[in-house]
Amino acid sequence: MNLKEAAHHLGVHYQTAYKWVRAGDLIAVRVGGRYEVSPAAIQRLEMARAAVLVEGESIAAPVVGGSFEIDPEDLIEELEALVIDPCVAFPAIVALVARRGAAVLGDTCIAVVNNEDGRVLYQSVDHPNPDQAAILTGALHLTKSGPAGFGGIAMRAFTEQRVVRIPHLPQDWLRRALRPELLQHLGRCPVHSVLAAPVIVEGASVGVVVFTRDTPNHPYTELDASYVQRLVERMALLYQSAQEIEAAWALRGELVKRLTRVVRSHPHEAAATSAEAIADVLNATPGARDVPVAIFDPAGSVLALNQVAQRVSGYDDDTLVGGTFEAFTHPDDVERERANFGRLVSGELDYLDTLVRRILIGERVSAFVSHRAVVRDVDATLRLVISVFRPVRVAKDFVDPLMVGLVSRH
């Protein structure tokens, strides 16, 4: 339909529809001296506008009550919940651990992550007293202290890959070990007990978490050391998850770019979205050989998948290709999966990240985070849905009634 007809269908003035086209909100194809708008483009705009209204109402809703007091297990549960978060980045994890760690076990909590050459990549310091937190942050920044700081205790934990606990720190030793620039501030930021634990990923230390106490009558215990061990184990899993999320988003973006180019070079031609054509793109895309990837048609049927997806599922290619996502979805999740897929088909969203539980060969069930995106023709008609999967990583002692037996243990 032309732009005037599209405006009538949308219930707006022609000039409003034209503004939407100019802004990129309404997809239109220029044919000669006029714009042509597809039904898919109109549906996409309507769904986007409806979503904005719903989200606006949700944001405007008042936030009631709430307490900032948490116990140590709350922090463990927060980190476990973040494992399935599709947007988690490690700088945020470091800041969260420092802030919550200071509240639940501190007094001071310092979280540090290094890059490959050993230099500090991310670092966060917190303390229940904001003034003390500011002083400590400034001291670490000005002295460029990483794991080598804290009188060498953190470095011992980092290099020996074990929890180091000093229940009562001799003050004369501390003064000798501390950098001379910081001695003036020791009275404002006292250290009487220290607990340090390394963050270990695939056998290598990538960071360290340090706790200190301000008073001598509250030393760290073996129970505290056991708790911190659980804490850094979850940080290690989040470190891996954050890297996998970054890689999954990059791969998804690259696949969208490449498959969009293929689709739009042959508009409205089914051959452009054949299993063979898609497989060629998958095989030629860097990164697509390392993680499971599946490509669906608008009805939710599998058009193509890479060898990793086939290997992880345990099924052969003939079983998977042509099947729908419902056939491999945990029964309790089918309705939610249909709704999520519908948000992409309708045009409400072009990208969607969600937790999925898939039935693998032998009736095994495993949990993944699916990073999805759509590929549309020039007129906004949906042609493909891309799904890049990553595993859900959890600690060995992770217990959640909804997830027990549904995720692989690491």
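Values below: every heavy atom of this structure, side chains too, minus hydrogens, waters and symmetry copies.
With contacts defined as side-chain heavy-atom distances shorter than 4.5 Å, the pair V302/F296 qualifies. In this structure, the side chains of L105 and Y220 come closer than 4.5 Å at one or more pairs of heavy atoms. At a threshold of 4.5 Å between non-hydrogen side-chain atoms, the residues R376 and R44 count as touching. In this structure the side chain of R357 never reaches within 4.5 angstrom of the side chain of F368, judged on heavy atoms. Side-chain contact between V199 and E233 is absent, with no heavy atoms from C-beta onward closer than 4.5 Å. Annotation: side chain of V291 is not in contact with side chain of R390 (no heavy-atom distance under 4.5 Å). Looking at heavy atoms from C-beta onward, V206 lies out of side-chain contact with L121 at the 4.5 angstrom threshold. Looking at heavy atoms from C-beta onward, Q240 lies in side-chain contact with E202 at the 4.5 angstrom threshold.
Shown here for T381 and A40, the closest heavy-atom pair between the two residues is CA-CB, 3.7 Å. Closest heavy-atom contact between A154 and V210: CB-CG2, 3.7 Å. Closest heavy-atom contact between L282 and I295: CD1-CG1, 4.3 Å. Closest non-hydrogen pair, E337 versus T354, comes out as OE1-CG2, 4.1 Å. Listed here is the closest heavy atom pair of A367 and L355: CB-CD1, 4.2 Å.
Judged by distance alone, the side chains of S387 and S370 do bring a donor and an acceptor atom under 3.5 Å apart. Using a 3.5 Å distance cut-off with no hydrogens or angles, the side chains of S193 and R165 do not pair a donor with an acceptor.
Although no hydrogens or angles enter the test, the distance criterion places a donor-acceptor pair under 3.5 Å between the side chain of S205 and the main chain of F158. In this structure a side-chain-to-backbone donor-acceptor pair under 3.5 Å is present from D224 to T221. Although no hydrogens or angles enter the test, the distance criterion places a donor-acceptor pair under 3.5 Å between the side chain of Y227 and the main chain of P72.
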side-chain contact (heavy atoms from CB on, under 4.5 Å) between M155 and E160, worked out: CA-CA 8 Å; M155 181 55 75; E160 297 175 13; over 6 Å; no
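Partners of S124 by side chain to side chain contact (heavy atoms under 4.5 Å, CB included), not counting sequence neighbours, listed by chain and number: V94, A95, A98. For T285, the side chain to side chain contact (heavy atoms under 4.5 Å, CB included) criterion is met by L251, E254, L255, R258, V281, A288, not counting sequence neighbours. Contacts of A41 classified as side chain to side chain contact (heavy atoms under 4.5 Å, CB included), with partners at least two apart in sequence or in another chain: L26, I27, V37, S38, A380. Every residue meeting the side chain to side chain contact (heavy atoms under 4.5 Å, CB included) condition with N129, not counting sequence neighbours, appears here in chain and number order: H127, D131, Q132.
Under the salt bridge (Lys or Arg N to Asp or Glu O under 4.0 Å) criterion, no residue pair touches residues 6-32, with sequence neighbours excluded. The salt bridge (Lys or Arg N to Asp or Glu O under 4.0 Å) contacts involving residues 278-302 comprise nothing, where partners must be two or more places apart or lie in separate chains.
For CD of E5, the number of neighbouring non-hydrogen atoms (other residues, nucleotides, ligands) closer than 6.0 Å is greater than 12.
Taking the six-membered ring where tryptophan is involved, the planes of Y122 and F90 are tilted, since the angle between them lies from 30° to 60°.
We find the CG-CG distance between D74 and D71 to be 4.0 Å, quoted to the nearest 0.5 Å.
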